[in-house]
Number of protein chains: 2
Amino acid sequence: MVGRVTIAQVAAEVGVSAMTVSNVLNGRPGASAETRRIVLDAAGRLGYTANPAARSLKNGRSGLVGLITLDLTAQYTLEIIRGVAEELADVELELLINASYHDAEREQDRIRSLSRGQVDGLILVAPVLEPATLDFLRDNRVPCVVIDPRRIDTPLPRVTVDNYEGMRAGVEHLIALGHTRIAFLRGDDELQSSELRFRGYSDALTLAGFQVDERLVRTCSFSYDSGFRTSTALLSENPTAIAAGADLMALGAIDAARAAGLDVPRDLSVLGFDDLPQAGQSFPGLTTVRQPLHDMGLRGARALLSLLDGQSLVTDDIRLATSLVIRGSTGPAADADASTNLSTSASHAAG
Amino acid sequence: MVGRVTIAQVAAEVGVSAMTVSNVLNGRPGASAETRRIVLDAAGRLGYTANPAARSLKNGRSGLVGLITLDLTAQYTLEIIRGVAEELADVELELLINASYHDAEREQDRIRSLSRGQVDGLILVAPVLEPATLDFLRDNRVPCVVIDPRRIDTPLPRVTVDNYEGMRAGVEHLIALGHTRIAFLRGDDELQSSELRFRGYSDALTLAGFQVDERLVRTCSFSYDSGFRTSTALLSENPTAIAAGADLMALGAIDAARAAGLDVPRDLSVLGFDDLPQAGQSFPGLTTVRQPLHDMGLRGARALLSLLDGQSLVTDDIRLATSLVIRGSTGPAADADASTNLSTSASHAAG
DNA sequence: CTGTTAGCGCTTTCAT
DNA sequence: ATGAAAGCGCTAACAG
């Protein structure tokens, strides 16, 4: 429960002052080799460990980093957290994790509560960030980094990904496979990434000389169920491919196709966005635009560490690239006999 | 970064002693309604909040609970954590999460480090718990609760589930559907639950008058990939059903069947164990033995809170029941023409 | 009802 | 190379 042994006890045991013990234990100079040896020995023998509260009170740092996420159970979030944890482990900072569960008020409350000395800095994953919260963070100079902000112009150091380029590359892959009736599952507009991904989709189509068909674009929430339902409805429009704004939707789309008796990718190609662990763990594997979630966590944590060290950041917008991961869920359009050369790479990945 | 306003400042502002401010702010008696009002007003105006480090140093409690889990990214773990977090939120305790990633040494290190005053108590999810660690926890009187221990006789307060009964009920469900060639994916023997689930399987068979066929029992690790591979190999034995020791394995089994051109559940029934969120998010939905993961977290946290309050627990072994969740992945055995009526109810329940 | 004293365990500053 | 004093912010315990 406690490291009940104090510095004073170690000092008494050895017959030196507490100050000397402190110096030795913290590797500060000013102690003979002999004293050093004896002190370390005694400390070890007694099982001394510093009282973090006392230390914290003295030096004003808690050794804790707060992480506030939308949803603790979402895989998306977890891969990010894992990256953060990895980076933090090296510097002996502990992670204090909170979830807001999409509740702006709760988020604000958690941010306020943690910022008051409970933690040294904050990492926010896709936060709502109401103006009042932003003001609070600024006014109190809370070291804070946002990973995957909802708005790209969030006035805080942030880690973002190439949502536009990612989706555009994904849809271009579908176009290269000969698809022309490409539907799009658009995510919640509260996230600017939804808009950006949609623009990637629509630009890819337009630049290839196609028109965006409104009937093929549906708004969908970030879940398997929503993906399943929305796709089921969409199938009546006879798309040959569905590009989804998130893997969970895409997974729902695959099963919707399956439920409708279609074969993926023969009858319908499906593209995701995220590359969650599940994307590789399905049959067929999901072709998807990979967000470097783990890296996002790593980089966000690293940026926070710089802030905590008092260093200024090289840039306030750390932008990471996405990459297209081709698996089995996309293949040549059924009626496309065009791209033979492309079909090798695609159909190979496709199965 | 900090609630830099101290009690002394509030006291000075109002013109009373720090003690009075402390009393008012903590709702202790001994302050006139008037003083109370003025103090609260000033504290609010100045934006005072207690310095947690100082408080912690004074009263010896950090307000933090440590949670050490095997794997931060496993859904299994997360559902538990969500339960823990929910219970803790009510009492203003924060959760400090660590992962050991299956490394016994790291686990020990994390436990030791957190126990030294960093946290008030510990929740361990499926820990390795080497003897030395157990000794440490006992010697230091660390309030500690284990959720889903690897060995059922772990000498600490613990939350366990009915592994044996659960699997037995699941396999009996398969038997009732007319299956006789029921294969079993057995989990890692490091977890006693693997053994218990296997016994549930074998007892169900034996009591129904069947023999356990060694060729139909395979050891498999707790992953989709392992489930896929092991099942692929298993299919050559022509089972009509596969009972898996975990959902991830079962999901792998379904896709292995699919990859082999079999239809689930027409040609092969698949049973899981856990009821992860994914189990309901697949097509067909996975019939599985539900572990009340969220509840396990809730109950574990509640037990820890009792320990922190100095209360003794009613029991050291909080055992929770599993329940069979019938979805679409199980159906009547192909060669069973007996149960026509069952096929309706089963496929109905299954859908 | 309100104030004073003291101390939680540590470390910064200044002496020796 | 070592030690004494003081104080981080808070709150029991006791005084008034």
Side-chain angles (χ1 to χ4, degrees), chain A residues 1-40 42-43 46-64 92 113 115-120 140, chain B residues 1-40 42-43 46-64 92 113 115-120 140:
Chain A
M1 173 177 200
V2 257
R4 231 180 355 357
V5 185
T6 71
I7 252 188
Q9 290 175 47
V10 178
E13 171 86 4
V14 182
V16 297
S17 79
M19 207 48 243
T20 300
V21 175
S22 173
N23 284 332
V24 170
L25 261 29
N26 292 293
R28 277 186 291 257
S32 68
E34 178 60 4
T35 313
R36 181 171 249 83
R37 201 187 54 72
I38 306 183
V39 168
L40 286 173
L46 268 46
Y48 169 82
T49 31
N51 178 327
R55 206 168 245 182
S56 184
L57 177 58
K58 183 65 187 162
N59 68 15
R61 289 153 113 311
S62 66
L64 263 36
E92 310 239 297
S113 154
S115 307
R116 300 181 195 292
Q118 179 97 251
V119 300
D120 296 333
N140 293 278
Chain B
M1 173 175 199
V2 259
R4 235 177 358 351
V5 184
T6 72
I7 251 189
Q9 289 175 47
V10 178
E13 170 87 6
V14 182
V16 297
S17 79
M19 205 54 239
T20 299
V21 175
S22 172
N23 284 332
V24 169
L25 261 28
N26 291 292
R28 277 187 290 261
S32 68
E34 178 60 3
T35 312
R36 181 171 250 81
R37 200 186 57 69
I38 306 184
V39 168
L40 286 173
L46 268 48
Y48 169 81
T49 31
N51 177 327
R55 208 170 244 179
S56 185
L57 177 58
K58 182 69 184 155
N59 68 17
R61 292 154 111 305
S62 66
L64 263 33
E92 310 239 298
S113 154
S115 305
R116 302 184 193 289
Q118 179 99 252
V119 301
D120 297 334
N140 293 279

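Naming: A, B, ... by sequence-line order, numbering from 1 per chain.
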Letter by letter from the 5' end, nucleotides 9-16 of chain C scores (B base, S sugar-phosphate only, - none; protein heavy atoms under 4.0 Å) BBBB----
Under 4.0 Å: is that the gap between some side-chain N or O of A:S32 and OP1 or OP2 of D:dA1?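 No, A:S32 has no side-chain N/O under 4.0 Å of OP1/OP2 on D:dA1.
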Using salt bridge (Lys or Arg N to Asp or Glu O under 4.0 Å) as the criterion, list what pairs up with B:R28, not counting sequence neighbours.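 Checked B:R28 against salt bridge (Lys or Arg N to Asp or Glu O under 4.0 Å); zero matches.
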Can you check the B:L25 CG to D:dC10 P distance for me, whole Å?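 Rounded to the whole Å, the gap is 9 Å.
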Looking at residues at least two apart in the chain, or sitting in another chain, which of them share a side-chain contact (heavy atoms from CB on, under 4.5 Å) with [X]?
X	result
B:I7	B:A18, B:V21, B:S22, B:Y48
A:E92	none
B:R36	B:V24, B:A31, B:L40

Could I get a table of every N or O pair under 3.5 Å where one atom is in the protein and the other is in nucleotides 14-16 of chain D?
none

Using a heavy-atom cut-off of 4.0 Å across all strands, would you classify B:S56 as base, sugar-phosphate, or nothing?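 It contacts nothing in the nucleic acid.
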So if I take the C1' atoms of five pairs at each end of the helix from C:dC1-D:dG16 to C:dT16-D:dA1 and get each local axis, what angle do the two axes make, rounded to 10 degrees?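 The value is 40°.
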Distance (rounded to the nearest 0.5 Å) between B:T49 OG1 and A:Q118 CD: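 It is 10.5 Å, given to the nearest 0.5 Å.
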Roughly how far, to the nearest 0.5 Å, is the CG atom of B:N26 from the CZ atom of B:R55?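 Reported to 0.5 Å precision, the distance equals 5.0 Å.
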Side chain to side chain donor-acceptor pair (under 3.5 Å) partners of A:S56, counting only residues at least two apart: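 Listed in chain order: nothing, the list is empty.
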Tell me, please, which residues at least two apart from B:T20 pass side chain to side chain donor-acceptor pair (under 3.5 Å).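 By the side chain to side chain donor-acceptor pair (under 3.5 Å) rule, B:T20 matches B:S17.
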Write down the atom of B:V14, the atom of B:A42, and the distance for their closest heavy-atom approach.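 Distance-wise, the nearest heavy atoms are CG2-CB, 3.4 Å.
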Does any pair with a residue in residues 10-22 of chain B pass salt bridge (charged side-chain N to carboxylate O under 4.0 Å, His left out), and if so which ones, sequence neighbours excluded?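 Residue pairs with at least one partner in residues 10-22 of chain B: B:E13-B:R45.
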